[in-house]
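Each remark here refers to the structure printed beneath this line.
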Number of protein chains: 2
Amino acid sequence: MKESGMAKPRRMGTETSETRVRLLDVTERIMIDDGYAAVSSRRIAKDAGVTPALVHYYFGTLDDLFLAVLKRRADQQLERQRRTISSSPRPLRRLWDVSKDPDGTALLSELMALANHRKIVRSELATYAEQFRKVQLEALQEHLAASGVDLHGVPVVSILVLIAGMSRGLMLEHSLGMETGLAETEAVIERLLDDLDRAAEASLT
Amino acid sequence: MKESGMAKPRRMGTETSETRVRLLDVTERIMIDDGYAAVSSRRIAKDAGVTPALVHYYFGTLDDLFLAVLKRRADQQLERQRRTISSSPRPLRRLWDVSKDPDGTALLSELMALANHRKIVRSELATYAEQFRKVQLEALQEHLAASGVDLHGVPVVSILVLIAGMSRGLMLEHSLGMETGLAETEAVIERLLDDLDRAAEASLT
DNA sequence: GTCTATAGTTCGATAGAC
DNA sequence: GTCTATCGAACTATAGAC
């Protein structure tokens, strides 16, 4: 299955085309720098040095393009994510550092905003996001169960929700130009995660 | 100062016009329901039952309209916010409940997304957001200092950043259709805030 | 595989009548 | 205070030449 559903018999570029990859790269960059609303076939074409028609040749509609951006990112990260948690000695801190990546966070924020008024993007994004959380939860639960660390009644999944929410939140406020409380809060969270990681490490020895 | 800078000598409606208020209401509703990208003079006019030209008559440009939406909301909330914290027996829980308001959170999220590519919106929003945080911080610091509660090294401002970030985060994930971990995490945060509130109350008696 | 040309929309904003 | 009429620009998407 290379494209959505039983589409019209229209010509469409191959998955491996270099141009296709470049168009995805350019689209990601526009979304990160100027927001999803700045994405148009003309803008993409201009930035990529091709003509607007090529965008439609490769992706059909803009919805399909957004879905392709989402799918590529998500597939890239999913397997890596699973390994990250189960192989790192400090999985929580590692997860936090990965979540803090400015580009990734910005792109995710834009996709979430986009999902607000593109039904197909919403359902795809929700599916991926749930999948991510479950993969992370499984790996983390395994890790913490083995170490027998005490969370004082806090569900393991809440640590993941906290990491996801606060990395997005801090990044958003920072890119807005806010300052009050950001650095302190980042430090508090990192200390918390480090403490948990260390406690888990200690119980394992 | 009723409008931005030394604008052209163009006619413009009064601040108190009923139509103007209705246009602001309709614009807020569109942003909350369908996102800022759905806002256009034609859409506003249609929903408000007037003609598109009226939007420009009252607000000039769309930027001015967005700024008016922001200003009205912010001014409404600012004084109320200050009173909320210093008058409630459980200020943190109260702040959390207010922050959870779906409409307010959605509108703020849209304004933040909008700020991503409208310079003037960004700087105004950042100014207001910083002002909010400082007002909250001042009131909260006073409250907590009087009660002498122990935060175990967590800065007071971080509680505010947490409330802001997680209320937005939980709401975003919920509106996306996600489920895993949301209810548990909301409960954890509310327990934490309630505990702090109770501790502060107890030290005051 | 990539291009030109273009149809068909929708938009912001303004001028000027009422 | 509200309307009609309209200009000029940007956009999505397609058909068909090369």
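The analysis underlying the following values was restricted to heavy atoms, covering all of them including side chains, and did not include hydrogens, waters or symmetry mates. Convention: sequence-line order gives letters A, B, ...; per-chain numbering from 1.
- The CG-P distance, from L65(B) to dG12(C), rounds to 10 Å in whole Å.
- L54(A) has its CG atom 14 Å from the C1' atom of dA13(D), to the nearest Å.
- In this structure, the OH atom of Y36(A) is 15 Å from the P atom of dC11(D), given to the nearest Å.
- Here the straight-line distance linking atom OG1 of T185(B) with atom CD of E173(B) works out to 8.5 Å at 0.5 Å rounding.
- For the pair E28(B)/R73(B), a side-chain contact is recorded, criterion being any heavy-atom separation below 4.5 Å from C-beta on.
- Considering only the side chain of Y57(B), dG1(D) comes nearest among dC3(C), dG1(D), dA13(D).
- Regarding K46(B), its NZ atom lies at a distance of 19 Å from the C1' atom of dC3(D), rounded to whole Å.
- In this structure, the CD atom of E18(B) is 11 Å from the P atom of dG1(D), given to the nearest Å.
- At dT2(D), one or more side-chain N or O atoms of Y58(B) fall inside 4.0 Å of OP1 or OP2 (strictly under the cut-off).
- Side-chain contact between L65(A) and H56(A) is absent, with no heavy atoms from C-beta onward closer than 4.5 Å.
- OP1 and OP2 of dT14(C) both lie 4.0 Å or more from every side-chain N or O belonging to H56(B).
- If you take CZ of F59(B) and P of dA13(C), they are 13 Å apart, rounded to a whole angstrom.
- The residue S40(A) sits close only to the backbone: its heavy atoms come under 4.0 Å of sugar-phosphate atoms, none of a base.
- Side-chain contact between R93(B) and L196(B) is absent, with no heavy atoms from C-beta onward closer than 4.5 Å.
- As rounded to whole Å, 15 Å separates atom C1' of dT10(C) from atom CD1 of I44(B).
- Toward the 5′ end of DNA chain D lies the nearest nucleotide of G49(B), the other residue of the pair G49(B) and S41(A) mapping further downstream.
- Note that CH2 of W96(A) is 6.5 Å distant from CE of M166(A), once rounded to the nearest 0.5 Å.
- For A53(B), counting side-chain heavy atoms from C-beta on, the closest listed nucleotide (dT4(D), dT2(D), dG12(C)) is dT4(D).
- Nearest-nucleotide assignment on DNA chain D puts the 5′-proximal partner with T19(B), out of T19(B) and R42(B).
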